[in-house]
Trainee: 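Just passing along the structure, written as structure tokens.
All heavy atoms count here, side chains included; hydrogens, waters and symmetry mates do not. A note on names: the letters A, B, ... follow the listed sequences, proteins ahead of strands, and every chain is numbered from 1.
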Amino acid sequence: MADSLPPRLDPALIEGPLYREWMERKYFQVAPEAVTRDGLDPFVIVIPPPNVTAVLHMGHGLNNTIQDVLIRWRRMQGRASLWVPGTDHAGIATQNVVERLLAAEGTSRHDVGREAFVERVWEYVRETGGAILEQLKAIGSSCDWERTCFTLDSGPSTAVREVFVRLYEKDLIYRGEYIINWCPRCLTALSNEEAEGEEADGKLYHLHYPFQESAWDAARAASEGGAEAVGRLEDGRWFLTVSTTRPETMLGDTGVAVNPDDERYRGLVGADVDLPLAGRTIPVVADSFVDPEFGSGMVKVTPAHDPNDFEIAQRTGLEPIDVLNPDASMNENVPEAFRGMDRFDARTAVVEALKAQGLFGGSEAHAHSIPKCYRCHTVVEPRLSEQWFVRMGPLAEPALEASRNGTINFTPVHWKKVYERWMENIRDWCISRQLWWGHRIPVWYCGGCAETIVAREDPTECPSCGSQDLEQDPDVLDTWFSSWLWPFSTLGWPDETDDVDAFYPTNVLSTAPEILFFWVARMIMAGYEFLGEAPFTEVYLHGTVRDRRGRKMSKSLGNGIDPLEVVGLFGADALRFTLLSAAAVGTDIQLDHEDLEGAFSPGRNFANKVWNAGRFTLMSVGEGPVGSVAGAGAGLELADRWILSRLDRTVEKVTEDLERFRLHEVADELYHFVWGDFADWYLELVKPRLRDDAPAESREAARVTLVEVLGGICRLLHPLMPFVTSAIWDRLPTPNGADRPEALMVAPWPTPDAARRDEEAESAMTDLQELIVQVRSLRKEYNVPEGHRVPLVLASPPDIFARTVEAQRESVERLARVGEVRIETDESAGAGAHAVLKNGTEVFVPLKGVIDVVKERDRLQTEIDRLGDQVKGARSKLENENFVSRAPEAVVARERAKADTFAEQMDKLEAKLRGLAEV
RNA sequence: GGGCGCUUAGCUCAGUUGGUUUAGAGCGCCUGCCUUACAAGCAGGAGGUCACUGGUUCGAAUCCAGUAGCGCCCACCA
């Protein structure tokens, strides 16, 4: 059987069939009864739903590999592990895509009409949507596909409706007129989170507004009092200067504000100025928002196009004047010359017009951040409009507390602060979008009596006046308004389902930090508000996948890597392992998109190594029945005991690191255990014992150990590399032909076994490895040709070491490439190896390190000195009364333990040193 | 402007509460090997003042302060 395995792993050959088998056997599925009836401990992850029409990218590859590792590991631990998959309708993104399709056809959504447009999007989603879920299967994701959910499905839609109504009834949803972020291209409102600031080199323009003649005296007085923003034109008029980065908005100014405590301008409050171009008169008002230190200390107030100005206007009684159309062209409230002009053209035009009137005060470079639409990157325009908002304050309270009291943990931990800061400064959430694709807002306006109806069921008549003249709010909800319910809407809420009972709350939420606020924070708020409990307790935020130059991978840069291409070239295991081994907690991942082979060689090479180590083991063990490790008992040799002990340590370490999301460490440990300990050392050491002419007992001990260790490797590695491990495990015999789980993915996760620990074997092996490495190094140093075998003379080695070498004599000879190992007690022979140089002369090579008594003495002495220092340090602390009385008990205890252990170790080493001295 | 993080081998990065790490890995590089599991391999090797300065300590890549460079997040500064 093993002979039939090809010497080079061909992932394509094994991955497809294995995944199909897992699906057929329904290993990914979990029924709620497993929890409610059978009492299994649930472990649940809900997938961050990718956009329904998205194509898999490396970020998905990384995130879903992480989730699959956790799910597979917990499943093997015997927990009812459920991974809920699904997709998001992605309001703006999807609508934009289809609008572009229509544009290419020479039409638009307005031409085809709302109903037909929405139908068209559905059509598009049905055609192209969900492909990403198939792609997740290719990387091995073990989601319960029967539960696949879409945010626009009836279940999640019901949840959205229920939540809207409940919040409205609690007065946590309101409609109001505020300055919102408006995308003039998407023609919709955006939330604060959706308007991303982008650093840009802008300009700060200075504009002059002339005072009305009645204020000239006050202006002169201010000017003489040192008000630098006040000046006089050539024609004698006095003016003030305001600064702005958006001069075109001056057409909508309704005032100029100064700080009430600003001495310079106190006398000007109440004065009127002429608003140039617009032909209006506006007042100077006082508001404490104005920072006297910034610029001239005078601010133009444009209430309809700036959130701060809007607030100033509310406080000072200024009326907003809207000057922009939805598409950001100038509207009818501006002078005819500017009407219909694009905002950026208007900017130039306004500046030119002011120049012509001598009212332009120049401009200067000004770096600042400009908000842009996160979907189309158009510069967002603050705009006054009527929108729906969620009052976030009350929702944030428990969500903030959950982080503070440790109910919810963040990995890496520094996100905790970021999260809390956002929660502390929470602002209301604008949830209405002027789109057609999404959840329609469940609000109707009565034409008969102006009643607003918010209902779970579509109303047919007004409950107040009975009128049937009802019109539904035209807007849809922010995409995230369905996403924030995901951990329970996917389980059937608001119905009281078994799934909610069994699987809520979920356990881990793994995602990219970019959507901490968009999604994670809001899910936590929704969890508390609607189910009274956090939706998960662990938040794992992974790094960003970047290219070799550190740039984020993106479609527009063309620097992305297609995970499916990687799977096709090197296999899913290679992809997964490479990502995991690069994904240290809190760090980004760099992959060279121009050298896929280089980028993914760690995973590919390791997968192949596992494959070959497995193949060799299977061939060596052969067809015959195999006993158990327990049965082998005293027959186990040093190398066997060593590798079993190492396996046990690895089990402990790997499990511990999985619990702490240290997946990079897990990958690293398994890599070194499998490649280093198992393949490089153990397999090489046991080769002589596997021959037909080897002593039967020794051969049997090797066989049972091989089966045991390879089985352990398969289990430990399975969450990371599910395919290659399964392929090997399926061919692995069981001890004494015992029954076993029908598949590796449902086999039990190993647990540490104290009886397997063997420090004697570990230290003896360390010495032996050191000897072999020394000899190899010497051979190289003295140019001993490959074909030459030289005797290795070990003079007067410590007893235990002599026995170790003796036990592994054959292996030592083979691995060190020496002809004969001689152990002598005659010190005069020295410790060394005879080597024959290229010219034929024979030299005696003294061996360094473990077998060189003198050097060993030095080494021990150094070690002892160092331990001595440590003991001294610990003891001096313990003698320090301040330390003992003030330090926490645990710390003192640790210090005491330290002193004891190191002293103990020191004694041991001193004994060893005395032993050497006697030789 | 506020907050946070990073700076370790040619490259990309690990290094878990300060002490068995005389600082590690992968890739790359040099030397020798097709040793019947694997050349996607085996063996040996070169390469680092752990950004800089000072401090705490018996002991610092690890803790503290400052300096320089880079990055991220948040923010209403016109």
Trainee: Could you give the CD-to-P distance, from A:Glu196 to B:rC73, as a whole number of Å?
Mentor: 8 Å
Trainee: Considering only side-chain heavy atoms of A:Asp291, which listed nucleotide, B:rC38, B:rU35, B:rC77, is closest?
Mentor: B:rC77
Trainee: Contact class for A:Arg814 vs. all strands (heavy atom < 4.0 Å): base, sugar-phosphate, or nothing?
Mentor: nothing
Trainee: Using modelled atom types and a 3.5 Å cut-off, is there a donor and acceptor pairing between side-chain atoms of A:Asp657 and backbone atoms of A:Arg662?
Mentor: no
Trainee: Of the candidate nucleotides B:rA43, B:rU16, B:rA37, which contains the atom at the shortest distance from the side chain of A:Leu683?
Mentor: B:rA37
Trainee: Looking at B:rC73, B:rA25, B:rC76, which one has an atom nearest to any side-chain atom of A:Phe517?
Mentor: B:rC73
Trainee: Is the side chain of A:Asp428 donor-acceptor paired with the backbone N or O of A:Met392 at a distance under 3.5 Å, no angle test?
Mentor: yes
Trainee: According to the side chain to side chain donor-acceptor pair (under 3.5 Å) rule, which pairs have a member within residues 595-606 of chain A, sequence neighbours left out?
Mentor: A:Glu597-A:Arg604
Trainee: Taking the same atom, C1', in B:rA46 and in B:rU67, what whole-Å distance lies between them?
Mentor: 34 Å
Trainee: Can you tell me how far P in B:rG5 sits from the matching atom in B:rG48, rounded to whole Å?
Mentor: 31 Å
Trainee: Would you say A:Arg646's side chain and A:Asp677's backbone share a donor-acceptor pair under 3.5 angstrom?
Mentor: no
Trainee: Between the base of B:rA40 and the side chain of A:Arg8, is there a donor-acceptor distance below 3.5 Å?
Mentor: yes
Trainee: Strictly under 4.0 angstrom, non-hydrogen atoms only: write out the protein contact profile of nucleotides 1-13 of chain B, one letter per nucleotide from the 5' end, B, S or -.
Mentor: --SS------SSS
Trainee: How many Å lie between CG on A:Asp680 and C1' on B:rA37, as a whole number?
Mentor: 12 Å
Trainee: Could you check which residues of residues 669-676 of chain A get a heavy atom under 4.0 Å from RNA chain B? Sort them by number, please.
Mentor: A:Tyr671, A:His672, A:Trp675
Trainee: With pairs defined as Watson-Crick or G-U wobble and both distances under 3.5 angstrom, please note down RNA chain B as a dot-bracket string, | for pairing with another strand.
Mentor: (((((((..((((.....[....)))).(((((.......))))).....(((((..]....))))))))))))....
Trainee: Could you work out, with ring pair (Phe, Tyr, Trp, His ring centres under 6.0 Å) as the rule, every residue matching A:His366, not counting sequence neighbours?
Mentor: A:His368
Trainee: Please state the P separation for the pair B:rA23 and B:rU16 - nearest whole angstrom.
Mentor: 15 Å
Trainee: For A:Phe673, enumerate each residue passing the ring pair (Phe, Tyr, Trp, His ring centres under 6.0 Å) test, keeping only those at least two apart in sequence or located in another chain.
Mentor: none
Trainee: For residues 663-674 of chain A, pull every pair meeting side chain to side chain donor-acceptor pair (under 3.5 Å), keeping only residues two or more places apart or in separate chains.
Mentor: A:Lys653-A:Glu669
Trainee: Which pairs count as ring pair (Phe, Tyr, Trp, His ring centres under 6.0 Å) when at least one residue sits in residues 569-605 of chain A, sequence neighbours excluded?
Mentor: A:Phe577-A:Phe606
Trainee: Would you say A:Lys203 has more than 12 foreign heavy atoms packed within less than 6.0 Å of its NZ?
Mentor: no
Trainee: Under 4.0 angstrom, heavy atoms only, what part of the nucleic acid is A:Lys653 near: base, sugar-phosphate, or nothing?
Mentor: base
Trainee: May I ask you to say what A:Ala607 touches in the nucleic acid, namely base, sugar-phosphate or nothing, with a heavy-atom cut-off under 4.0 Å?
Mentor: nothing
Trainee: Judged by each residue's nearest nucleotide on RNA chain B, which is more toward the 5′ side, A:Glu665 or A:Leu9?
Mentor: A:Glu665
Trainee: Can you tell me how far P in B:rU21 sits from the matching atom in B:rU17, rounded to whole Å?
Mentor: 15 Å
Trainee: How many whole angstroms separate atom CD1 of A:Ile728 from atom P of B:rA37?
Mentor: 16 Å
Trainee: Report yes or no: does A:Ser296 contribute a side-chain atom to a donor-acceptor pair with the main-chain N or O of A:Thr241 at less than 3.5 Å?
Mentor: yes
Trainee: Has the side chain of A:Ser777 got a donor or acceptor atom that lies under 3.5 Å from a matching backbone atom of A:Val773?
Mentor: no
Trainee: Over how many whole Å does the gap from A:Asn612 atom CG to B:rC34 atom P extend?
Mentor: 19 Å
Trainee: Nearest to the A:Pro7 side chain among B:rC38, B:rG26, B:rA78, which nucleotide is it?
Mentor: B:rC38
Trainee: Within a 6.0 Å radius of atom CZ on A:Phe517, are there more than 12 heavy atoms belonging to other residues, nucleotides or ligands?
Mentor: yes
Trainee: If we take the P atom in both B:rU62 and B:rC77, what is their distance in whole Å?
Mentor: 37 Å
Trainee: When you measure from the side-chain N and O atoms of A:Arg604 to the phosphate of B:rA40, is any distance below 4.0 Å, counting only OP1 and OP2?
Mentor: no
Trainee: For the P atoms, the ones on B:rC30 and on B:rC4, what distance do you get once it is rounded to whole angstrom?
Mentor: 46 Å
Trainee: Between B:rA78 and A:Ser296, is there an OP1 or OP2 to side-chain N/O distance shorter than 4.0 Å?
Mentor: no
Trainee: Could you list the residues that satisfy ring pair (Phe, Tyr, Trp, His ring centres under 6.0 Å) with A:Tyr540, not counting sequence neighbours?
Mentor: A:Phe661
Trainee: I want to verify a distance call: between B:rG45, B:rG41, B:rU16, whose nearest atom is closest to the A:Arg662 side chain?
Mentor: B:rU16
Trainee: The side chain of A:Pro602 is closest to which nucleotide in this list: B:rG44, B:rU16, B:rG26?
Mentor: B:rG26
Trainee: Do any pairs count as a salt bridge (charged side-chain N to carboxylate O under 4.0 Å, His left out) and have a residue in residues 572-582 of chain A, sequence neighbours left out, and if so which ones?
Mentor: A:Asp68-A:Arg576
Trainee: For the backbone of A:Pro6 and the side chain of A:Trp611, can you confirm whether one donor and one acceptor N or O come within less than 3.5 Å of each other?
Mentor: yes
Trainee: Taking only side-chain N and O atoms of A:Arg776, does any of them lie within less than 4.0 angstrom of OP1 or OP2 on B:rG44?
Mentor: yes
Trainee: Would you call A:Arg347-A:Glu248 a salt bridge at under 4.0 Å N-O?
Mentor: yes
Trainee: Below 4.0 angstrom, which residues in residues 684-694 of chain A have at least one non-hydrogen atom near RNA chain B?
Mentor: A:Glu684, A:Lys687
Trainee: Establish, with yes or no, whether the OP1 or OP2 oxygen of B:rA75 is under 4.0 angstrom from a side-chain nitrogen or oxygen of A:Arg427.
Mentor: yes
Trainee: Checking A:Arg546 side chain against A:Gln590 main chain: does a donor-acceptor pair fall under 3.5 Å?
Mentor: no
Trainee: What's the closest nucleotide to the side chain of A:His366 if the choices are B:rA37, B:rA78, B:rG44?
Mentor: B:rA78
Trainee: May I ask you to check whether A:Asp253 and A:Tyr209 show a side-chain donor-acceptor distance below 3.5 Å?
Mentor: yes
Trainee: Below 4.0 angstrom from OP1 or OP2 of B:rG41, is there any side-chain N or O of A:Asn605?
Mentor: yes
Trainee: So if I take every side-chain heavy atom of A:Asn608 and compare against B:rG44, B:rA43, B:rC38, which nucleotide ends up nearest?
Mentor: B:rC38
Trainee: Where the side chain of A:Arg246 meets the backbone of A:His305, is there a donor-acceptor pair that is under 3.5 Å apart?
Mentor: yes
Trainee: Heavy atoms within less than 4.0 Å of RNA chain B: which residues of residues 300-313 of chain A have one? Give them sorted by number.
Mentor: A:Asn308
Trainee: For the C1' atoms, the ones on B:rG59 and on B:rG18, what distance do you get once it is rounded to whole angstrom?
Mentor: 8 Å
Trainee: Looking at B:rA78, B:rA37, B:rA25, which one has an atom nearest to any side-chain atom of A:Val290?
Mentor: B:rA78
